[in-house]
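What you see below is based on every heavy atom in this structure, not just the backbone, and it leaves out hydrogens, waters and symmetry mates.
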Amino acid sequence: MVAGDLYDVNFHFPVRELQNDRVKLVPFATVPHAELFFQGSVNYPELYQYLPYGPYESATKFVETLIEGRIRPNPANTLYAIIDKTRSHPDSPSPSQADFAGVIGYLNTDVSNLKTEIGFIKILPPFQRTHVTTNAIGLLMQYALNQPSYVHAPGLGLRRVQWQANALNLKSIRVAERIGFKREGTLRWDRALPVGEGKVGNGAQLREGDPKPEKVGRHTTILATCWDDWESGGREGTLCVMAHQNGRRQ
């Protein structure tokens, strides 16, 4: 991992560009990233089927609702744009539709308890099942869990990095486990999701008289990797998975 220039964003910790030889994470900027993301995702509403937000009818609505409405006002959250360096061309502008692979970020960051969560993950379909997902996640894991004194890739030295997924989103859970997260349990009836927007609930019937019958329930699977996992082989395991996915379908 290479940590680049420091960016001035509303986040509890320093935000930098993060990259290796295949993927680069750049702090999300409304211009040009919002339009690139919208154009790359508008025909794939299934990207949001397991999430409590989206899809969006325009880039403007995406910015108003998620970026300005949820992420930027809250210093516990920050968002990165994902650039697939293997598809960038030295003679073409970057980012572009050729190499803009999606978004990923930190959320629910807690300075007092030295923990954060990896989320807001939306990999655009042309980049799915490639090296992009594991390398983007791995870069955020390294930056969160490596100590500031770690010579090869200095990080924030946090104690815990969490991952949440809809309990029926087995693909998300498998990705997290493959790169080193450990399953800790399930939060039953954790979310109330709107019906009619393609959301996947828990499939359970609501009781009579439920105050929000228009919303389905969601169970949430909780996974995490902690500093002691990381220092006892977790870092090497994550790096191995990242290297193994170089140019391969996941």
Side-chain angles (χ1 to χ4, degrees), residues 1 18-26 28 33 35-56 62 66 79-89 92 94-107 117-144 161-183 198-200 218 220-225 234-250:
M1 179 190 75
L18 306 172
Q19 63 180 308
N20 57 20
D21 58 343
R22 293 176 292 282
V23 168
K24 178 166 67 173
L25 304 184
V26 181
F28 188 93
H33 298 141
E35 188 64 33
L36 283 170
F37 176 75
F38 177 72
Q39 292 300 329
S41 62
V42 64
N43 294 322
Y44 304 99
E46 64 273 14
L47 287 171
Y48 297 93
Q49 64 181 331
Y50 294 110
L51 298 174
Y53 54 86
Y56 302 100
F62 167 68
L66 185 64
L79 192 68
Y80 283 89
I82 306 170
I83 309 301
D84 183 355
K85 294 170 65 175
T86 70
R87 302 196 192 187
S88 299
H89 194 279
S92 301
S94 181
S96 69
Q97 290 185 340
D99 61 5
F100 182 88
V103 294
I104 192 170
Y106 294 123
L107 67 156
E117 180 178 328
I118 293 176
F120 301 125
I121 305 172
K122 288 172 285 296
I123 308 299
L124 301 180
F127 300 88
Q128 292 179 6
R129 299 181 61 80
T130 70
H131 57 276
V132 166
T133 302
T134 50
N135 279 267
I137 297 166
L139 286 170
L140 288 189
M141 292 174 71
Q142 289 181 78
Y143 189 52
V161 177
Q162 185 169 278
W163 181 288
Q164 296 190 57
N166 185 311
L168 296 181
N169 190 355
L170 301 182
K171 180 180 177 181
S172 175
I173 295 169
R174 284 196 297 266
V175 167
E177 290 181 325
R178 184 168 66 247
I179 203 165
F181 285 84
K182 298 180 179 180
R183 197 180 309 210
K199 304 300 183 185
V200 176
R218 176 184 125 165
T220 299
T221 298
I222 302 294
L223 305 95
T225 187
R235 174 171 39 231
E236 291 73 19
T238 296
L239 291 173
C240 182
V241 172
M242 293 167 70
H244 182 67
Q245 294 299 342
N246 183 10
R248 299 182 56 177
R249 306 295 286 181
Q250 293 180 4

- If the plane angle is over 60° it's perpendicular, under 30° parallel, otherwise tilted; pick one for Phe28 and His33. tilted
- Message: For Trp163 and Phe181, take the angle between the two ring planes, folded into 0 to 90°, and tell me which bin it lands in: parallel under 30, tilted 30 to 60, perpendicular over 60.
- Response: tilted
- Task: Would you check, one step at a time, whether the test side chain to side chain donor-acceptor pair (under 3.5 Å) holds for His131 with Asp84?
- Result: CA-CA 9 Å; His131 57 276; Asp84 183 355; 2.9 Å; yes
Verify, without hydrogens or angle tests, whether [X] (side chain) and [Y] (backbone) share a donor-acceptor contact under 3.5 angstrom.
X: Tyr48; Y: Gly198; result: no
X: Gln128; Y: Ile123; result: yes
X: Lys199; Y: Leu51; result: yes
X: Arg218; Y: Tyr50; result: yes
X: Lys85; Y: Asn20; result: yes

- Would Leu66 and Tyr56 satisfy side chain to side chain contact (heavy atoms under 4.5 Å, CB included), going step by step from the backbone distance to the final call? CA-CA 10 Å; Leu66 185 64; Tyr56 302 100; 3.6 Å; yes
- Heavy-atom neighbours of Gln39 CD exceed 12 at 6.0 Å: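 For Gln39, atom CD is crowded (more than 12 foreign heavy atoms under 6.0 Å).
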If you round to the nearest 0.5 Å, how far is [atom2] of [Y] from [atom1] of [X]?
X: Thr220; Y: Asn169; atom1: OG1; atom2: CG; value: 10.5 Å
X: Leu239; Y: Asn135; atom1: CG; atom2: CG; value: 9.5 Å
X: Met141; Y: Thr225; atom1: CE; atom2: OG1; value: 4.5 Å
X: Leu168; Y: Leu170; atom1: CG; atom2: CG; value: 7.0 Å
X: Asp21; Y: Thr86; atom1: CG; atom2: OG1; value: 9.5 Å

- Query: So Arg178 and Thr134, side chain to side chain contact (heavy atoms under 4.5 Å, CB included) or not? Walk me through it.
  - Reply: CA-CA 9 Å; Arg178 184 168 66 247; Thr134 50; 4.0 Å; yes
Smallest separation among heavy atoms of [X] and [Y], with atom names:
X: Ala176; Y: Leu223; answer: CB-CD2, 4.2 Å
X: Phe127; Y: Ala98; answer: CZ-O, 3.5 Å
X: Gly138; Y: Thr238; answer: CA-CG2, 4.0 Å
X: Ile137; Y: Ile118; answer: O-CD1, 4.0 Å
X: Ser172; Y: Ala165; answer: OG-CB, 3.6 Å
X: Ala144; Y: Val161; answer: CB-CG2, 3.6 Å

Quick one: does [X]'s side chain get under 4.5 Å of [Y]'s, heavy atoms only?
X: Val23; Y: Met242; value: no
X: Leu25; Y: Ile82; value: yes
X: Tyr44; Y: Leu124; value: no
X: Arg87; Y: Thr130; value: yes
X: Ile83; Y: Val26; value: yes

- Please assess Tyr53 against Phe62 for the test side chain to side chain contact (heavy atoms under 4.5 Å, CB included), listing each intermediate value before the final yes or no. CA-CA 10 Å; Tyr53 54 86; Phe62 167 68; over 6 Å; no
- Task: Using side-chain hydrogen bond (donor to acceptor under 3.5 Å, both in side chains) as the criterion, list what pairs up with Glu117, not counting sequence neighbours.
- Result: Asn108, Gln162, Gln164
- Task: Take Ile104 and Phe120 through the test side chain to side chain contact (heavy atoms under 4.5 Å, CB included) and record every step on the way to the result.
- Result: CA-CA 5 Å; Ile104 192 170; Phe120 301 125; over 6 Å; no
